[in-house]
Amino acid sequence: MSRQILVTSALPYANGPIHLGHLVEYIQTDIWVRFQRLRGNRCIYVCADDAHGTPIMLKARELGITPEELIERIGREHQQDFADFLIEFDNYYSTHSEENRYYAELIYQRLRDAGHITSRTIKQAYDPVENMFLPDRYIKGDCPRCGAAEQYGDSCEVCGATYTPAELRNAVSVVSGATPVDKESEHYFFRLQDFGDMLRTWAGDGHVQGEVANKLNEWFEDGLREWDISRDSPYFGFRIPGTEDKYFYVWLDAPIGYMASFSNWCEQHGEDFDAWWRPDTDTELYHFIGKDIVYFHALFWPAMLEGAGFRKPTRICAHGFLTVNGQKMSKSRGTFIMGRTYLNHLNPEYLRYYLAAKMGSSVHDLDLSLDDFIQRVNSDLVGKLVNIASRSASFINKRFDGRLADHLEAPELYRTVTARGEQIARHYEDREFSRAIREIMALADEANQYFDERKPWVLAKDAETLERVQLICTQTLNVFRVLMTYLKPVVPRIAARAEAFLQIPEQTWSDATEPLLDHTIGRFEPLATRVARESVDAMLEESRETLAPKAETTPTGPLADNPIAEQIEIGDFGKVDLRIARISKAAQVDGADKLLQLTLDLGGETRTVFAGIRAAYEPADLEGKLTVMVANLKPRKMRFGVSEGMVLAAGPGGKDLFILEPDNGAEPGMKVK
RNA sequence: GGCUACGUAGCUCAGUUGGUUAGAGCAUCGCACUCAUAAUGCGAGGGUCGGUAGUUCGAAUCUACCCGUAGCCA
């Protein structure tokens, strides 16, 4: 009976684009999932955007949009990037969903009813200007140990000290610049320590890698503590049932997002959710994650599931980080590469192949060495593997009308290749992809050696030996076909092209056992082209351009005081309706020492606008002038009347204000764009 | 600072419980071949296995310390 396997990758955070570091995980997971399907197992792969938390709330605010709009937009980008890297999810969802709210509340309530939730009042840094509690990362100040400036509230990047925000000197809120104050608030906690015995047993039982188990032991020895799962308003997330202004901490509902996404898939496919999630299920659950989030997946998550009466994961597969050219990805070196930037220049399957060729089951970091990448992809994929088909097909196409022979020239070679299949499958299963690839390429070497020994190009010159050429090429094409099937989880598109060229249906792993004989194949077209160094260079260049700090020279003047704001989309600009207006009347406002009341003619429509430019302009000097106004600004009630828009002016303020005037020819009412 | 990994040929990596002259791929050099996307085959050079000190008949492998890199410390 085939296995039923539910697989997840960690949920990418919905505040920024996917970069190559993310892709290590999705590619690793996708290869494993495709392998399982190829073997005939039922394998469901779900993921979602992680859409909650303070960073998303603030990012949306910064962009002037709602968090919902932000996560919708980022979610779309993420899905497009994944699709283009051939990541084949069964479902991609969002933690900001009704299913996720349902399961978050359900798990919380079950944990609470079983006595695993407590609450107490804690003191926390609070921004008195923004009226919000500040996560450690949103407080900056001087390190209490080494004095380094601009350090975050939890640790010093210069000397490595860890501390609490309260210990930071000259602390300021990153959000408002205000000095944080301590404020009390009631928080809810999950009693992780209730699950200590269960977790020790579980972790020692092969559900995590050895290195991870070591790390867990360290935590066990330190003693498990309760986990703060609530955050105060304002917060973008789910409100905790039974409270007015408490929200689930984003890390509480993020892993529950796996369930939510799967539940959503179940609804679409008439599948029974509980059959997969009840404690005694015989389905499997695999979570692929980065080593940085082991804590959440190997401690909190199994404890939450256990406490709420659900099954626990079969296996947590943690991987290391990606380095580029041996170093941390760096924006200034151009090695902080977004998935999209890569796709603009290079074929996604090459990254899949290269990473697979170096990826094992350990938590070691993985290096993308770009020189090695070019050489490896070109020599393995093109020079070795595709070359087998290329050099054989030319004979079959030209001399035998595309027809394969009815038997093999060297059945023992074919058997060698198929006999290796189970070993290769074991490597895939164990997520030892680099070993699988090494085996496959060693077999490709054998096929090329075989071809060289038989010298079909010599045999083809003599009519008497011509028949053997067909046998030899039939032999190598059969090896090629099997190797391509073995490689299908890694390079699905090249494999599909190979199937089209051989004119065979979609192959599964077991199709390898029978050779393809007495069969007509199609014309050979290059299945993969070489990586050009220029493409890699262009990718680095684009990464540098889009991400490196723009100017070398420090800006002076207005730019220094008021740096250019974050980039916006053209659509964002389009929302602002700017119009030419004639100032038909300007008057002082009684009781206001900064304002002038302007009557603006928009060409048929007049508007009253209060502008803070009294110190800079005499009313008489303004009358008759053309200027630019924001025409669709929501009217705002002021003490002296309603202001129906605003006029544009430059300058720091006071006497130094300069209103905008259009060039000659502009007329009231014209749109500025 | 504590802890956990890691440091093996120019590059990227294997080296299972310590055991014969330390391996692979790529790169380099020589030769062969010309069917193939200048692809392929055969052969060669290249390493005091981060350093030091130990345990042992024997250490890349075990121990201690040091140096370097990465990560974790809720």
Side-chain angles (χ1 to χ4, degrees), chain A residues 136 145-146 154-156 159-163 189-190 192 209-219 221-229 249 251 290-296 298-300 318-323 325-328 354-355 357-360 362-399 432 434-435 437-439 441-442 444-461 469 472-473 476 480 524-532:
Chain A
D136 295 352
R145 192 169 74 183
C146 73
D154 51 355
S155 64
C156 174
C159 73
T162 55
Y163 40 75
F189 296 85
F190 171 52
L192 183 64
Q209 291 121 298
E211 303 113 293
V212 174
N214 288 344
K215 195 74 210 174
L216 293 177
N217 272 330
E218 200 184 306
W219 285 326
E221 275 156 33
D222 283 356
L224 298 176
R225 280 170 271 161
E226 46 188 27
W227 178 40
D228 186 348
I229 56 162
Y249 175 42
W251 262 111
K291 63 181 178 184
D292 52 327
I293 54 176
V294 161
Y295 205 88
F296 299 99
L299 290 181
F300 300 139
H319 60 80
F321 297 129
L322 182 75
T323 54
N325 290 338
Q327 292 177 294
K328 251 198 216 180
Y354 184 75
L355 292 180
K358 300 185 74 167
M359 194 155 16
S362 80
V363 299
H364 289 162
D365 288 354
L366 210 58
D367 186 48
L368 168 61
S369 161
L370 291 165
D371 290 324
D372 190 46
F373 168 78
I374 296 169
Q375 285 165 357
R376 191 78 187 259
V377 167
N378 287 346
S379 64
D380 282 8
L381 237 34
V382 183
K384 279 183 187 174
L385 188 68
V386 171
N387 184 238
I388 299 170
S390 175
R391 67 199 307 200
S392 324
S394 74
F395 288 111
I396 295 289
N397 284 151
K398 281 184 221 152
R399 312 298 287 271
E432 294 290 355
S434 62
R435 292 174 198 267
I437 298 285
R438 211 178 309 147
E439 300 250 11
M441 285 306 147
D445 285 342
E446 283 194 45
N448 277 313
Q449 284 160 17
Y450 162 84
F451 200 86
D452 257 41
E453 277 166 24
R454 295 296 196 274
K455 304 199 184 335
W457 56 92
V458 176
L459 302 177
K461 286 172 184 157
V469 173
I472 292 163
C473 294
T476 43
F480 170 74
F524 179 82
E525 310 275 351
L527 299 170
T529 51
R530 316 177 83 77
V531 180

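Quick note: numbers below take in every heavy atom, side chains included, and nothing from hydrogens, waters or symmetry partners.
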Engineer: Watson-Crick or G-U wobble partner for B:G23, using a 3.5 Å limit on both distances?
Structural biologist: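 In the structure as shown, B:G23 has B:C13 as its Watson-Crick or wobble partner.
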
Engineer: Quantified in whole Å, what is the C1' atom distance between nucleotide B:A60 and nucleotide B:C13?
Structural biologist: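 About 15 Å, rounded to a whole number of Å.
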
Engineer: Show your working on side chain to side chain contact (heavy atoms under 4.5 Å, CB included) between A:V363 and A:Q209 and close with a plain yes or no.
Structural biologist: CA-CA 8 Å; A:V363 299; A:Q209 291 121 298; 3.8 Å; yes

Engineer: Please report the distance, rounded to the nearest Å, between CD in A:E211 and P in B:C3.
Structural biologist: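 These atoms are roughly 19 Å apart.
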
Engineer: Taking CG from A:D367 and C1' from B:U8, how many angstroms apart are they, rounded to a whole number?
Structural biologist: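 Going from CG in A:D367 over to C1' in B:U8 covers 16 Å.
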
Engineer: For A:W457 and B:U40, what is the distance between atoms CH2 and C1' respectively, to the nearest whole Å?
Structural biologist: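 Roughly 8 Å, once rounded to whole Å.
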
Engineer: Given side chains that start at C-beta, do those of A:I396 and A:F524 come closer than 4.5 Å, heavy atoms only?
Structural biologist: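 Not in contact.
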
Engineer: Give the minimum heavy-atom separation between A:R530 and A:N378, together with the two atoms involved.
Structural biologist: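 Distance-wise, the nearest heavy atoms are CA-OD1, 3.3 Å.
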
Engineer: Tell which nucleotide pairs with B:C33, taking only Watson-Crick or G-U wobble pairs whose two distances are both under 3.5 angstrom.
Structural biologist: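 In the structure as shown, B:C33 has no Watson-Crick or wobble partner.
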
Engineer: What distance separates A:F321 CZ from A:L366 CG, expressed to the nearest 0.5 Å?
Structural biologist: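 Between A:F321 CZ and A:L366 CG, I get 12.0 Å after rounding to 0.5 Å.
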
Engineer: Any strand is fair game: report the nucleotide pairing with B:G18 by Watson-Crick or G-U wobble, both distances under 3.5 Å, or none.
Structural biologist: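 By the stated definition (distances under 3.5 Å), nothing pairs with B:G18.
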
Engineer: Heavy atoms only, 4.0 Å cut-off, all strands: where does A:W251 land among base, sugar-phosphate and nothing?
Structural biologist: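 Answer is nothing: A:W251 stays at 4.0 Å or more from every strand.
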
Engineer: Determine the interatomic distance between P on B:A14 and the same-named atom on B:C73; round to the nearest Å.
Structural biologist: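 Straight-line distance between the two P atoms is 26 Å.
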
Engineer: Considering only nitrogen or oxygen atoms on both sides, find all protein atoms under 3.5 Å from nucleotides 24-27 of chain B and state each distance.
Structural biologist:
unit_1 : atom_1 : unit_2 : atom_2 : d
B:G25  : O3'    : A:K384 : NZ     : 3.4
B:C26  : O2'    : A:Q375 : OE1    : 2.9

Engineer: Does a side-chain heavy-atom distance below 4.5 Å link A:D372 with A:D367?
Structural biologist: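 A:D372 vs A:D367: side chains apart.
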
Engineer: Assign A:G210 to base, sugar-phosphate, or nothing according to its heavy-atom contacts below 4.0 angstrom with the strands shown.
Structural biologist: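 Contact class for A:G210: none.
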
Engineer: Could you check whether A:K358 gets within reach of a base, just the sugar-phosphate, or nothing at all, counting any heavy atom under 4.0 Å?
Structural biologist: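 Sugar-phosphate only.
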
Engineer: Between A:V531 and A:Y354, is there a side-chain heavy-atom distance shorter than 4.5 Å?
Structural biologist: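 In short, these two side chains do not touch, never coming nearer than 4.5 Å.
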
Engineer: Do the side chains of A:L355 and A:L322 get nearer than 4.5 Å, heavy atoms only?
Structural biologist: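 The answer is yes; the side chains approach within 4.5 Å.
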
Engineer: So do A:K328 and A:D365 actually touch side chain to side chain, heavy atoms under 4.5 Å?
Structural biologist: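 Answer no - side chains too far apart.
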
Engineer: Check every strand shown and say whether A:L527 touches a base, only sugar-phosphate, or nothing at a heavy-atom separation below 4.0 Å.
Structural biologist: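 Touches a base.
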
Engineer: If we take the C1' atom in both B:C72 and B:G54, what is their distance in whole Å?
Structural biologist: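 Those two atoms are separated by 31 Å.
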
Engineer: Does A:F451 reach a base, just sugar-phosphate, or nothing at all? Heavy atoms under 4.0 Å.
Structural biologist: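 If one applies the 4.0 Å heavy-atom cut-off, A:F451 turns out to touch a base.
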
Engineer: Could you state the atom-to-atom distance from CG of A:L370 to P of B:C11 in whole Å?
Structural biologist: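 Interatomic distance, CG of A:L370 to P of B:C11: 16 Å.
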
Engineer: Closest heavy-atom contact between A:E211 and A:S362?
Structural biologist: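 Taking A:E211 first and A:S362 second, the nearest heavy atoms are OE2-CB, 3.5 Å.
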
Engineer: Could you pick out which residue, A:N325 or A:N214, lies toward the 5' side of RNA chain B when each is mapped onto its nearest nucleotide?
Structural biologist: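 Of the two residues, A:N214 wins.
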
Engineer: Rounded to whole angstrom units, what separation is found between the CD atom of A:Q209 and the P atom of B:U4?
Structural biologist: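 The answer, rounded to whole Å, is 18 Å.
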
Engineer: Between A:S392 and A:I388 (side chain of the first, backbone of the second, donor and acceptor by atom type, cut-off under 3.5 Å), is there such a pair?
Structural biologist: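 Pair found, side chain donor or acceptor close to backbone of A:I388.
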
Engineer: Using both distances under 3.5 Å as the test, list the Watson-Crick or G-U wobble partner of B:U69, or none.
Structural biologist: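 WC or wobble partner is B:A5.
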
Engineer: Just to be sure I understand the rule, does A:P456 reach a base, reach only the sugar-phosphate, or reach nothing, if contact means heavy atoms closer than 4.0 Å?
Structural biologist: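 Since no nucleic acid heavy atom lies under 4.0 Å of A:P456, the category is nothing.
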
Engineer: Show each protein N/O and nucleotides 15-17 of chain B N/O combination with a separation under 3.5 Å, one pair to a line.
Structural biologist:
unit_1 : atom_1 : unit_2 : atom_2 : d
B:G15  : OP1    : A:R435 : NH2    : 2.6

Engineer: Under a 3.5 Å cut-off for both distances, is B:A38 Watson-Crick or wobble paired, and to whom?
Structural biologist: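 B:A38 is unpaired by these criteria.
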
Engineer: If you measure from the C1' atom in B:C57 to the same atom in B:U12, how many Å do you get, rounded?
Structural biologist: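 Their C1' atoms lie roughly 37 Å apart.
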
Engineer: For a 4.5 angstrom cut-off between non-hydrogen side-chain atoms, does A:F395 reach A:T476?
Structural biologist: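 The answer is no, as the side chains (C-beta and beyond) never meet within the 4.5 Å cut-off.
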
Engineer: On RNA chain B, check which nucleotide each of A:K455 and A:T529 is closest to and give me the residue with the more 5' one.
Structural biologist: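 The residue whose closest nucleotide sits nearer the 5' end is A:K455.
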
Engineer: Using purine N1 to pyrimidine N3 plus N6-O4 or O6-N4 for Watson-Crick, or N1-O2 and O6-N3 for G-U wobble, each under 3.5 Å, what pairs with B:C62?
Structural biologist: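 Across all strands, the one nucleotide that pairs with B:C62 is B:G54.
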
Engineer: Taking B:G41 as the reference, what is the distance to B:C49 when you measure between their P atoms (whole Å, please)?
Structural biologist: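 So the two P atoms sit 32 Å from each other.
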
Engineer: Taking OP1 and OP2 of B:C42, is either one under 4.0 Å from a side-chain nitrogen or oxygen of A:Q449?
Structural biologist: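 So the side-chain polar atoms of A:Q449 do come within 4.0 Å of the phosphate oxygens OP1 or OP2 of B:C42, strictly under.
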
Engineer: Give the minimum heavy-atom separation between A:L459 and A:R454, together with the two atoms involved.
Structural biologist: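 Taking every non-hydrogen atom into account, CD1-O, 3.5 Å.
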
Engineer: Taking atom P in both B:A24 and B:C6, compute the distance separating them and give it to the nearest angstrom.
Structural biologist: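 These two P atoms come out 24 Å apart once rounded.
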
Engineer: Who does B:G47 pair with, Watson-Crick or G-U, both distances under 3.5 Å?
Structural biologist: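 When the pairing criteria are applied, nothing turns out to pair with B:G47, so the answer is none.
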
Engineer: What is the ring orientation for A:W227 with A:F190, classed by angle as parallel under 30°, tilted 30 to 60°, or perpendicular over 60°?
Structural biologist: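 The arrangement is perpendicular - the two ring planes meet at more than 60°.
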
Engineer: Are any non-hydrogen side-chain atoms of A:P456 and A:F451 less than 4.5 angstrom apart?
Structural biologist: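 A side-chain contact under 4.5 Å exists here.
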
Engineer: Once you round it to whole Å, what is the distance between P of B:U37 and CG of A:N397?
Structural biologist: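 The answer, rounded to whole Å, is 12 Å.
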
Engineer: With rounding to whole Å, what would you report as the distance between B:C67 and B:G25 at their C1' atoms?
Structural biologist: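 Each nucleotide's C1' atom is 30 Å from the other's.
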
Engineer: Taking the side chain as every heavy atom from C-beta outward, state whether A:I437 and A:M359 have any atom pair closer than 4.5 Å.
Structural biologist: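 No, every pair of side-chain atoms sits at 4.5 Å or beyond.
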
Engineer: For RNA chain B, find the residues of residues 385-396 of chain A with a heavy-atom distance under 4.0 Å and give them by number; none if there aren't any.
Structural biologist: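 Residues of residues 385-396 of chain A under 4.0 Å from RNA chain B: A:V386, A:N387, A:S390, A:R391, A:S394, A:F395.
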
Engineer: For the pair made of NZ in A:K215 and P in B:C6, what is the distance, rounded to whole Å?
Structural biologist: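 Checked: the NZ to P distance equals 13 Å.
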
Engineer: In this structure, how many angstroms lie between the P atom of B:U4 and the CG atom of A:L216, rounded?
Structural biologist: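 Distance, rounded to whole Å: 14 Å.
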
Engineer: With rounding to the closest Å, how many angstrom separate the C1' atoms on B:C62 and B:G2?
Structural biologist: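 Nearest-Å result for B:C62 against B:G2 at atom C1': 24 Å.
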
